[in-house]
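Heads up, the thing below is written out as C-alpha cells.
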Amino acid sequence: MFQKKFKTYVQKKLEGYVRSYFKAHPAVKLIIVAGSVGKTSTKIALSAMLSQKYRVRMHEGNHNTELSAPLAMLGIPYPEDVKSIKLWRQAFRAAQVRVNQPPDVDVIVQELGADHPGDIERFGKYLRPDIAVITAVTAEHMEYFQTMDAVAREELAAANFSDLAIINRDDIEGRYASFLTNANVLTYGTTDGAEYHFKDESFSIEHGHKGKLIVPEIPQPIEATIHVVGEHNLRPAVAAAVVGIKLGLTSEQIIAGLAQITSIPGRMRILPGIQNSILIDDTYNSQPAAAVAAIKTFLSIDAPQRIAILGSMNELGALSPDEHTKLGHMFSPDTVDWVITVGEDAAKYLATAAHANGCQVKSFMSSVEAGAFAHQYLKPGALVLIKGAQNRIFTEEAAKILLRHPQDNRLLVRQSPSWMAHKEEFFAQFTQV
C-alpha cells in the first residue's frame with residue numbers, strides 16, 4: 001500500500017468531491033447499506049427494485065472502503081495501481097467532471113464496510129444518506145472488535161447519520177437499540193416482529209418462495225414470489241421493497257421488483273451437479289449467522305442424500321471454537337450423509353462436534369481435495385451444500401468439481417484471471433512432495 005500520508009491526502013480529496021457532488025445535485029438520493037453480512041445481496045436487490053423507476057448507480061463489487069466507496073458513489077473506476085500519482089490525478093479530474101456535469105443518476109446505492117472500529121463513523125463525516133439499510137449484526141473481524149457490542153455500535157453508526165434507518169429486525173438483537181440515536185427507524189424481516197415483513201407460504205427449488213408482503217402503508221397484503229433459496233435470503237428482498245415504497249413505487253412495481261430478485265453468485269445459488277445432484281453454492285463467504293441459516297435451509301430440503309462441504313469461518317478470533325462447534329452440532333446421522341470440512345478450525349471444532357453426534361466426517365485443508373472426496377461418494381439426486389469463506393478456503397473450487405456443466409464455472413465466485421492465479425499459488429502447497 002502507498003504511504004499513509006499520501007493515502008490520507010487521497011481520502012480527503014475523494015471525500016471532498018463526494019460532498020461537493022451531493023451539494024451540487026441535492027435531488028440525487030443516497031442509500032447506504034451496512035451490516036455484518038448480506039450487504040451485497042441487499043444492494044443488488046435494491047438496485048433491481050429501484051431501477052424500475054429510477055436511474056440507479058450501484059457498483060457490483062465490494063468497493064466499500066474509505067478509498068473505493070467514494071469512487072463507487074461517483075461512478076469512477078478504482079485505479080489499478082494505487083501507488084500511481086498519475087492514475088489518482090486522473091480519478092480526481094473525473095470526479096471534478098462528475099461534480100460539474102448534470103447528474104446521470106437519480107439514486108446511488110452504496111455499501112459501507114467495516115474492518116476496524118471507527119470505519120463506519122468516518123463515512124458519516126462527509127455523508128448524509130437519505131436512507132440507511134442495516135442488514136445484520138453478527139461476529140466479524142473479532143480480532144479488532146473483540147465484543148459483539150463493539151460490532152453493533154459500529155454497524156448501527158450508519159443508522160445514526162442517515163435521515164431514515166431501515167433495520168433488519170430478525171438479525172439484529174433488540175438490545176442493540178440502545179446504540180441508536182436516530183429516532184426515525186423502521187424494521188424489516190421475515191417475522192411478525194418487524195413492521196415490514198414477508199410471510200412465507202410455500203417454497204420450491206424451482207420457483208422459490210411464495211407468500212405475502214406486509215406493509216403498513218397498504219391495507220391488503222401484497223402477494224409476491226421471490227426467487228431465492230432460504231428464509232435469510234428473503235430479507236434483502238424485503239429491504240428492497242421497503243425502500244421502494246419509501247421512494248414512491250407502486251404495489252405493482254413492488255411485485256415486479258420482487259420477482260426480479262434472484263440469488264447471486266456464491267450466495268445460496270442453485271446449480272445443477274453431476275449425477276442429477278443439486279448444489280447449493282454459498283461459497284462467497286461464511287460467518288456464523290449466515291452459516292446457521294444456510295444449514296437450516298439445507299436440512300429442510302428433502303433429498304435421497306445430503307452432503308455438506310463446510311469451510312472454516314475466518315476473522316472470528318476467540319469466538320472461533322464455539323461458533324464452529326455450534327455448526328457441527330447442527331448435524332446428525334439422520335439428517336446428513338457426510339460432513340466434509342475445509343480448513344483448520346472447521347476440522348478442529350466443527351468436524352469434531354459433528355463426529356461426536358455420530359456423523360460421517362472427513363476433513364481436508366484443500367477444497368479441491370474436499371470436492372474430489374464428495375465426487376467419490378455422491379449418489380444420484382443428492383443435495384450438496386457448499387459453504388465457505390474467501391482467504392485460505394475457496395470452497396468454490398470444490399463446487400467446480402461437482403458441477404454438471406463445466407461451462408457453469410463462470411457462475412462461481414472468484415474466477416477472474418487474477419483470482420485464479422492467486423488460488424493456483426495457494427493450492428500448490430498441497431501438491432508439493
Quick one about [Y] and [X] (side-chain donor to acceptor, distance below 3.5 Å, no hydrogens or angles considered), yes or no?
X	Y	result
Gln415	Glu397	yes
Asn233	Arg267	no
Thr297	Ser300	no
Asn168	Thr135	no
Ser332	Asn357	no

Does [X] use its side chain to pair, donor to acceptor, with the backbone of [Y] at less than 3.5 Å?
X	Y	result
Ser286	Gly388	no
Asp282	Ala294	no
Ser41	Gly38	no
Asn64	Glu111	no
Ser312	Asp345	yes
His355	Gln360	no
Gln305	Leu383	no
Gln110	His63	yes
His59	Gly61	yes
Asn285	Ala389	no

(message) Tell me if the aromatic rings of His197 and Tyr188 count as close, with their centers under 6.0 Å from one another.
(response) no
(request) Flag the pair His422 / Phe426 as yes when their ring centroid distance falls below 6.0 Å, and as no otherwise. (result) no
Within the supplied structure, the quantity of interest is the number of heavy atoms (other residues, nucleotides, ligands) at a distance under 6.0 Å from [X] [atom1]; does it exceed 12?
X	atom1	result
Arg169	CZ	no
Arg392	CZ	no
Lys400	NZ	yes

(message) Below 30° counts as parallel, above 60° as perpendicular, anything between as tilted: where do the rings of His116 and Tyr144 land?
(response) tilted
(request) Tell me whether the guanidinium CZ or amine NZ of Arg19 lies under 6.0 angstrom from the six-membered ring centre of Tyr126 and within 45° of its axis. (result) no
Is the shortest side-chain heavy-atom distance between [X] and [Y] below 4.5 Å?
X	Y	answer
Leu127	Leu30	yes
Leu299	Arg306	yes
Tyr21	Ile108	yes
Glu121	Asn160	no
Val133	Lys39	no
Asp149	Tyr176	yes
Leu403	Leu271	yes
Arg235	Thr190	yes

(message) Run His324 and Met313 through side chain to side chain contact (heavy atoms under 4.5 Å, CB included) and show every step you take.
(response) CA-CA 8 Å; His324 283 92; Met313 298 180 287; 3.7 Å; yes
Drop me the distance from [X]'s [atom1] to [Y]'s [atom2], to the nearest 0.5 angstrom.
X	Y	atom1	atom2	result
Glu66	Asp119	CD	CG	6.5 Å
Ile166	Ile134	CD1	CD1	10.0 Å
Asp337	Ile307	CG	CD1	6.5 Å

(message) Pair Trp419, Glu396 - check side chain to side chain contact (heavy atoms under 4.5 Å, CB included), show working.
(response) CA-CA 12 Å; Trp419 266 117; Glu396 67 271 14; over 6 Å; no
(request) Please determine which of Asp106, Val107, Val109, Asp104 meets the side-chain contact (heavy atoms from CB on, under 4.5 Å) test together with Arg57. (result) Asp104
N/O donor to acceptor pairs below 3.5 angstrom from side-chain atoms of residues 364-375, sequence neighbours left out:
residue: Ser366; atom: OG; partner: Val368; partner atom: N; Å: 3.2
residue: Ser366; atom: OG; partner: Glu369; partner atom: N; Å: 3.4
residue: Ser367; atom: OG; partner: Ile393; partner atom: O; Å: 3.4
residue: Ser367; atom: OG; partner: Phe394; partner atom: O; Å: 2.8

